[in-house]
Amino acid sequence: MEIQTSGKPIDLLMEKVLCMNILSSEYFKELYRLKTYHEVIDEIYSCVEHVEPWMTGNCRGPSTAFCLLYKFFTMKLTIKQMHGLLKHPDSPYIRAIGFLYLRYVADPKTLWTWYEPYLRDDEEFSPGSNGRVTTMGVYVRDLILGQYYFDSLLPRIPLPVTRQVTANLEKMKLPTKLSGATGDSSRQGSEDTARRPPSVKASLSVSFGQRAPHRASTRDSSPVRRTITHDDTRRSYSPSHRSGSHEGPDRDRSDRELDRSSRDRDRSSRDQERSSRDRDRDRDIRNYHRRERDSRDRDYYRSRHSDERRDDRRDEKAATVSSNLAKLKDLYGDVTEKKEDGDAEKLRRDSCAEEVIRLGGPRWR
């Protein structure tokens, strides 16, 4: 029996950038060789070292854990298989990927039923690549309470469900605030931005010296960012630098205005494309109906003319037959009249013969 899901496709539940990078990664294509649930578990046990969405260091691409998570999405796990993941004794990362599967795919109304038995789980592991250790119970609680997961966006949980989860946690006397085990609660930056960009979008922006649209501190998050020295600190507090510090907000404001104008242009272009597609579709529909109507008219007129021609040929044939009969009558006379004359002559001869026999009969005796 399969798990009760939200009914939405995974490309709508997972961030589009992350989803596209997973599908295009070479490692995910190599996972086609894994055909069974147990083979994927063995791969998690052998290869997964953290459950962040993106690779760490100088690498650019989805993490091993999320490629294997997407492999599970394609397999559509059953309830029995999910219990096997959540209770697996070999590796906490196997269990963590099971909880992530539920957070993405399961119906939000059923999340509490799945997560509640593990909220006090004390198995320790490090979900991120920074080595920060937490317990499985804290990790699960952050998953159900948070909207962001290591700078990636999780599916939204309806507000009534969130309120019910908070009330249940209060009854269990557990914290209702995020602990930070799954990253920051927003996308306003992280402590290790100098070590690696938080996402592919941010890394692309860093490569061109631009600010990522969802990161406020990406300009300072380049992997080659130089270390701030004491001279730099003293220079930052110099009067000349202080006098030019007002340019920062103006530059940020102009950047925001440029971003807003570019978004408006993109929105208007999308609207124009949508309207053009609608016009093309309407024109195709009208042309289709016009062709159908012309075809029906042609069939009707064709059938009508064929019936008229058939009637004309029938009348011509009948006229021809009658004219031929008239010619035959003129040549040979009426056959019925001759037959009647022949019958009358025969009756006359028969009567004459009877009269002769009657008259000559006594003499013969």
Side-chain angles (χ1 to χ4, degrees), residues 1-10 13-14 18-19 22-23 25 27-53 62-129 133-146 149-150 152 154-155 157 161 165 168-169 172 174 181-182:
M1 185 177 180
E2 293 185 1
I3 298 170
Q4 182 180 350
T5 65
S6 60
K8 297 179 181 179
I10 190 58
L13 297 173
M14 183 178 285
L18 179 57
C19 186
I22 290 174
L23 294 176
S25 68
Y27 177 69
F28 181 75
K29 294 175 183 178
E30 293 176 0
L31 295 180
Y32 292 157
R33 59 184 170 80
L34 304 181
K35 303 298 182 182
T36 64
Y37 159 81
H38 295 288
E39 289 177 343
V40 180
I41 289 180
D42 292 340
E43 186 75 10
I44 295 172
Y45 181 80
S46 302
C47 301
V48 174
E49 298 178 352
H50 64 83
V51 286
E52 289 190 20
S63 66
T64 303
F66 267 67
C67 289
L68 292 164
L69 173 64
Y70 203 98
K71 180 66 177 181
F72 274 143
F73 291 154
T74 62
M75 299 176 71
K76 295 183 179 180
L77 301 182
T78 63
I79 294 178
K80 182 179 179 181
Q81 290 172 338
M82 180 51 60
H83 282 299
L85 282 181
L86 302 184
K87 298 178 181 179
H88 206 283
D90 292 344
S91 172
Y93 297 112
I94 298 174
R95 303 179 64 197
I97 289 177
F99 289 118
L100 279 172
Y101 182 97
L102 292 172
R103 183 63 176 85
Y104 275 104
V105 173
D107 187 352
K109 296 179 181 179
T110 64
L111 283 178
W112 177 259
T113 305
W114 283 105
Y115 283 3
E116 190 269 334
Y118 305 97
L119 290 174
R120 299 184 185 275
D121 195 306
D122 57 356
E123 182 179 8
E124 294 185 347
F125 78 114
S126 176
S129 59
V133 178
T134 186
T135 64
M136 189 63 69
V138 174
Y139 176 78
V140 170
R141 190 171 70 247
D142 280 6
L143 277 182
I144 199 171
L145 289 175
Y149 181 81
F150 291 106
S152 178
L154 293 173
I157 297 179
V161 177
V165 168
N168 293 336
L169 290 174
M172 298 177 65
L174 292 174
T182 57

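Values in this document were obtained by computation on a predicted structure and should not be read as measured data.
Crowding of K29 atom NZ: a count of heavy atoms from other residues, nucleotides or ligands under 6.0 Å exceeding 12. The environment of CD in E123 is crowded: more than 12 heavy-atom neighbours from other residues, nucleotides or ligands sit within 6.0 Å.
Here the shortest heavy-atom pairing between E39 and T36 reads CG-OG1, 3.0 Å. Considering all non-hydrogen atoms of both residues, P62 and L18 come closest at CB-CD1, 4.3 Å. Closest non-hydrogen pair, A106 versus L111, comes out as CB-CD2, 4.1 Å. Considering all non-hydrogen atoms of both residues, Q81 and Y37 come closest at O-OH, 2.8 Å. Pairing each heavy atom of S91 with each of Y45, the nearest pair is CB-CD1, 3.8 Å. When all heavy atoms of H50 and A65 are compared, the pair lying nearest together is O-CB, 3.4 Å.
One finds the CD atom of E2 at 12.0 Å from the CE atom of M75 (value rounded to the nearest 0.5 Å). Atom NZ of K76 is separated from atom CD1 of I3 by 12.0 Å, given to the nearest 0.5 angstrom. A distance of 9.0 Å separates CG of L143 from CD1 of I157, quoted to the nearest 0.5 Å. In this structure, CD1 on I41 lies 11.0 Å from CG on L68, to the nearest 0.5 angstrom. Summarising the geometry, atom CD1 belonging to I94 is positioned 15.5 Å from atom NZ belonging to K87; distances are rounded to the nearest 0.5 Å. In this structure, T64 OG1 and L31 CG are separated by 9.0 Å, a value rounded to the nearest 0.5 Å.
With hydrogens and angles ignored, the 3.5 Å screen pairs no side-chain donor or acceptor of E116 with any backbone N or O of W112. Looking at K71, its side chain never comes within 3.5 Å of a backbone N or O of V40 through a donor-acceptor pair. Judged purely by atom type and a 3.5 angstrom limit, T134 has no side-chain atom pairing as donor or acceptor with the backbone of Y139. A donor-acceptor contact shorter than 3.5 Å links the side chain of K35 to the backbone of Y32. Distance alone, capped at 3.5 Å, is enough to place a donor-acceptor pair between the D142 side chain and the A181 backbone. A distance-only check finds no donor-acceptor pair linking the side chain of R95 to the backbone of D90 [under 3.5 Å]. Checking side-chain atoms of Q4 against main-chain N and O of T110 turns up no donor-acceptor pair under 3.5 Å.
Checked for salt-bridge contact, E43 and R33 meet the test: a charged N lies under 4.0 Å from a carboxylate O.
Side-chain contact between F73 and M14: present, with at least one pair of heavy atoms (C-beta onward) separated by less than 4.5 Å. Using a 4.5 Å heavy-atom threshold, the side chains of L169 and L145 count as touching. Residues L85 and L77 form a side-chain contact, since some pair of their non-hydrogen atoms from C-beta on lies under 4.5 Å apart. No side-chain heavy atom of V165 sits under 4.5 Å from any side-chain heavy atom of Y115. Put simply, the side chain of V140 does not reach to within 4.5 Å of the side chain of D121, judged on heavy atoms.
Between F66 and Y104, the ring planes are perpendicular. Angles over 60° get that label, and only those under 30° would be called parallel. Ring geometry for Y118 against F99 counts as perpendicular: the plane angle is over 60°, on a 0 to 90° scale with 30° as the lower cut.
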Give the intermediate values and the outcome of side-chain contact (heavy atoms from CB on, under 4.5 Å) for residues I44 and I97.
CA-CA 9 Å; I44 295 172; I97 289 177; 3.7 Å; yes
Candidate pair H83 and W114, rule side-chain contact (heavy atoms from CB on, under 4.5 Å), full reasoning
CA-CA 9 Å; H83 282 299; W114 283 105; 3.7 Å; yes
Stepwise side-chain contact (heavy atoms from CB on, under 4.5 Å) test for S6 and L13:
CA-CA 9 Å; S6 60; L13 297 173; 4.0 Å; yes
One pair to check against side-chain contact (heavy atoms from CB on, under 4.5 Å): T135 and E124. What are the steps and the verdict?
CA-CA 4 Å; T135 64; E124 294 185 347; 4.2 Å; yes
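In this view, Y93 and F125 satisfy the ring pair (Phe, Tyr, Trp, His ring centres under 6.0 Å) rule, not counting sequence neighbours.
Aromatic rings of F28 and Y70 (six-membered ring for Trp) have centroids within the 6.0 Å cut-off, being under it.
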